[in-house]
Amino acid sequence: MKLSRTVLAIAALWLLMSAAPAFAWGPIAHGKMALKALSHSSITPYLQQYGLSATTIADMAWELDLPQYKDLYHNPGWQTIRDRQWLTDPKWSNLSESRRIAFLLHLACDSGVPINHSPSGSVFTNTTIEGILEARVETWGSFPSITPYTGTYSQKMTTFYNQQIALATWCKNNLTVWNTTFGSQGQTAGWTGLTYGQNLAQAMLLEYFQTRDQMMMVAVPEPTTIALLSIGAMALWRRRRK
């Protein structure tokens, strides 16, 4: 869905006049980004295996910005994803699994914001441009596809970080209030930030499910492996009945 220039101008003016800080991607964007990652073919078998609903989780993603959760779970953001803190910080075990995944998705997607938010904030900070960019993205009807990172989890995190720092540098050198609101520069910054955030979210989800029972010292096979084991068990059962 595309809004008229008049509506975008009003939104930009409201943001410029507002004293409230920006909260990264908006609630609509968070839901769409989370659903993109949860619907990726590498993730859906795990949702089926553990009886989880992609829609339910995606609908919860924006709630991390609510006061009762924000102070405890919102920071650190990028570092939580990079360092797999859901395995080491006890606070994550206090949430239901659906809400835990939803909040981790929120953090991963926020890491793709190319202004202010970690890791981009080390390069470019501008609250006004950030707010305008996020307002523009919130009106988009379609979001990017996911291209999974390859390698170990550490290698995936390095790839994301390098891409994100390069994007933040580009934004610092190219974005203005005007072209962020109306120009192709804002389109490029927003679309690329969504892309990197969603790619990071997919990498995080895959790692989450592959380490899901690590704290209980239980190895969790890949869904394809589970299917093969089931076939083998059925064949053995039939042989014993003969």
- request: Test K156 against E207 for salt bridge (charged side-chain N to carboxylate O under 4.0 Å, His left out), laying out the working first.
  value: CA-CA 11 Å; K156 293 175 182 180; E207 184 72 3; over 6 Å; no
Atom OH of Y161 with >12 non-hydrogen neighbours under 6.0 angstrom: no
statement: The reported gap from CG in L107 to CZ in R82 (rounded to nearest 0.5 angstrom) is 13.0 Å
message: Can you confirm if the aromatic rings of W92 and Y73 lie within a centre distance of less than 6.0 Å?
response: yes
- prompt: Is there a donor in the side chain of S111 and an acceptor in the side chain of Q164, or the other way round, less than 3.5 Å apart?
  reply: no
task: Work out which heavy atom in A203 is nearest to a heavy atom in Y149; give both atom names and the distance.
output: CB-CD1, 4.4 Å
- prompt: Side chains of P90 and N94: does their closest heavy-atom pair fall under 4.5 Å?
  reply: no
query: Any donor-acceptor pair under 3.5 Å linking the side chain of T125 with the backbone of G121?
result: no
query: Looking just at side-chain N and O atoms, do D59 and T56 make a donor-acceptor pair shorter than 3.5 Å?
result: no
query: If only atom types and distance count, is the side chain of T139 paired as donor or acceptor with the main-chain N or O of R136 below 3.5 Å?
result: yes
field: Polar contact flag, side-chain donor to acceptor under 3.5 angstrom, H30-D65
entry: no
query: Just by modelled atom types, is the K36 backbone N or O under 3.5 Å from a matching donor or acceptor in the S39 side chain?
result: no
- request: Using atom types as modelled and distance alone, determine if a side-chain donor or acceptor of Q185 lies under 3.5 Å from a backbone N or O of T176.
  value: no
task: To the nearest 0.5 Å, tell me how far L35 CG sits from I57 CD1.
output: 10.0 Å
- prompt: Do H106 and E63 have a side chain donor and acceptor closer than 3.5 Å?
  reply: no
- request: Please answer whether the main-chain N or O of L175 pairs with a side-chain N or O of N179 as donor and acceptor at a distance below 3.5 Å.
  value: no
query: Below 4.5 Å, heavy atoms only, C-beta onward: do F160 and N199 meet side chain to side chain?
result: no
task: Answer with yes or no whether the side chains of E130 and N116 bring together a donor and an acceptor at under 3.5 Å.
output: yes
query: Under 4.5 Å between any side-chain heavy atoms of E97 and Y208, yes or no?
result: yes
